[in-house]
Amino acid sequence: MARMTGAEQVAEHAKRVERVYSTLARVYDAFFDWALGPGRRVAVSRLDLPEGARVLEVGVGTGLSLPHYSPRWRVTGIDISDAMLDQARARLADLGRGDVDLRRMDARELAFPDGTFDAVVAPYVMSVVPDPDRVMIEMARVCRPGGTVIVVNHFGHRFRAVRAVESALSPLTHWIGFRLDLPVETVKGTPGLRVDREETVNLLGMWRLIVMRRE
């Protein structure tokens, strides 16, 4: 059997992620909201935006963050999974909010012009997407100069021994759609973004929230 090229591996990973999260859509909230909800709420609370500001959430999933966005903002949410987006639409209907634009879209190729949004938020996405460097570049591109980019994610641990365990386990976790050993430099080293703030969130502070400014 021919060995897959790098591009083919990325494409296969993307398909696997979509399948996994389509399967998880109906149970995602019950499994993950208790552990990851605080980070979502803190991320939205770090947005200081005027009325009418445009916000993009990358990897909106089942819409767990949507109740926390101000109705004064124009919010767009994208996700690769139709099943996840169906759950998000149902959530918006329950909230009586028709002001959020939800779209199926690959975060590696955001279908928006440069500088479209005042803020871009990506909760728990970077460990899931097959090409996080490319996703970060796209997020920076669609954020206006002076705008805000916020990432919440688990990154490879600061301590070498823990990081070695994460690296050993990552090939296994890849099959269920995420990696444990993503270097934080993948986010903090994005061209055109300057880190303004970094803090730990969620259970035992095992996730990091990074606030960046588009230069």
Side-chain angles (χ1 to χ4, degrees), residues 17-18 20-49 53 55-105 107 117 119-129 132 135-136 139 148-157 166 173 176-182 184 186-187 196-212:
V17 168
E18 184 176 357
V20 167
Y21 281 86
S22 292
T23 302
L24 285 175
R26 291 190 177 277
V27 297
Y28 183 89
D29 296 4
F31 275 91
F32 295 105
D33 191 33
W34 69 272
L36 304 181
R40 295 177 191 276
R41 292 189 287 274
V42 173
V44 177
S45 75
R46 296 291 177 259
L47 295 175
D48 183 16
L49 300 170
V55 180
L56 172 67
E57 181 169 324
V58 176
V60 71
T62 63
L64 287 168
S65 303
L66 296 179
H68 308 298
Y69 291 107
S70 170
R72 300 183 301 112
W73 305 335
R74 292 180 290 168
V75 178
T76 300
I78 68 148
D79 204 278
I80 196 66
S81 167
D82 283 321
M84 286 284 198
L85 288 170
D86 286 343
Q87 296 293 312
R89 292 186 183 99
R91 187 184 305 279
L92 287 173
D94 289 342
L95 293 170
R97 289 188 62 170
D99 57 328
V100 178
D101 180 19
L102 296 178
R103 307 187 192 183
R104 186 186 185 280
M105 194 178 296
F117 298 96
V120 182
V121 182
Y124 314 115
V125 169
M126 293 304 142
S127 291
V128 175
V129 293
V135 172
M136 285 301 307
M139 288 168 51
T148 303
V149 174
I150 298 180
V151 172
V152 188
N153 211 79
H154 174 80
F155 298 100
H157 204 278
E166 291 174 337
T173 62
I176 54 175
F178 69 95
R179 58 181 293 189
L180 292 170
D181 61 346
L182 183 72
V184 71
T186 301
V187 169
D196 274 359
R197 177 175 185 157
E198 184 175 355
E199 58 190 294
T200 57
V201 292
N202 295 330
L203 184 67
L204 303 177
M206 293 179 64
W207 285 260
R208 281 190 254 179
L209 187 152
I210 302 172
V211 180
M212 292 164 285

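- Summarising the local packing, CG of Asp48 is surrounded by 12 or fewer heavy atoms from other residues, nucleotides or ligands at distances under 6.0 Å.
- Taking CG from Asn202 and CH2 from Trp207, the interatomic distance works out to 5.5 Å, rounded to the nearest 0.5 Å.
- The two residues Pro123 and Ser65 make their nearest non-hydrogen contact at CG-OG, 4.3 Å.
- Taking all atoms of both residues into account, the shortest heavy-atom contact from Asp79 to Gly61 is OD2-N, 2.8 Å.
- The closest donor-acceptor contact from the side chain of His154 to the backbone of Met206 lies under 3.5 Å.
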For this session: Might you work through the side-chain contact (heavy atoms from CB on, under 4.5 Å) test for Asn153 and Val187, ending with a clear yes or no?
Result: CA-CA 10 Å; Asn153 211 79; Val187 169; 6.0 Å; no

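- Scanning both residues, Leu182 and Pro132, for their nearest heavy atoms gives CD1-CG, 3.9 Å.
- A 4.5 Å side-chain heavy-atom check between Leu66 and Val60 finds at least one atom pair inside the cut-off.
- Here the closest non-hydrogen pair linking Phe155 and Val184 is CD2-CA, 3.5 Å.
- When all heavy atoms of Val152 and Ala43 are compared, the closest pair comes out as CG2-CB, 3.8 Å.
- A distance of 6.0 Å separates OG1 in Thr62 from CE in Met84, rounded to the nearest 0.5 Å.
- Here Gln87 contributes atom CD and Leu102 contributes atom CG; the two are 12.0 Å apart, rounded to the nearest 0.5 Å.
- Looking only at distances, a side-chain donor or acceptor of Tyr124 sits under 3.5 Å from a matching main-chain atom of Leu36.
- At a threshold of 4.5 Å between non-hydrogen side-chain atoms, the residues Val100 and Tyr69 do not count as touching.
- Side-chain contact between Asp99 and Val75: absent, with no pair of heavy atoms (C-beta onward) separated by less than 4.5 Å.
- Distance check: Arg74 CZ to Leu49 CG gives 11.5 Å after rounding to the nearest 0.5 Å.
- At least one donor-acceptor pair closer than 3.5 Å links the side chain of Arg104 to the backbone N or O of Ile80.
- Atoms OG1 and CE, on Thr186 and Met136 in that order, are 9.0 Å from each other to the nearest 0.5 Å.
- Residues forming a side chain to side chain contact (heavy atoms under 4.5 Å, CB included) with Leu95 (at least two apart in sequence, or on another chain): Pro67, Arg91, Arg97.
- Listed by chain and residue number, Val42, Ile150, Arg197, Glu199, Leu209, Val211 satisfy the side chain to side chain contact (heavy atoms under 4.5 Å, CB included) test with Arg46 (two or more places apart in sequence, or in another chain).
- Asp101 is linked by a side chain to side chain contact (heavy atoms under 4.5 Å, CB included) to Thr76, Arg103, counting only residues two or more places apart in sequence or in another chain.
- Residues passing the side chain to side chain contact (heavy atoms under 4.5 Å, CB included) test with Val135, sequence neighbours excluded: Ala107, Arg108, Met126, Val129, Met139.
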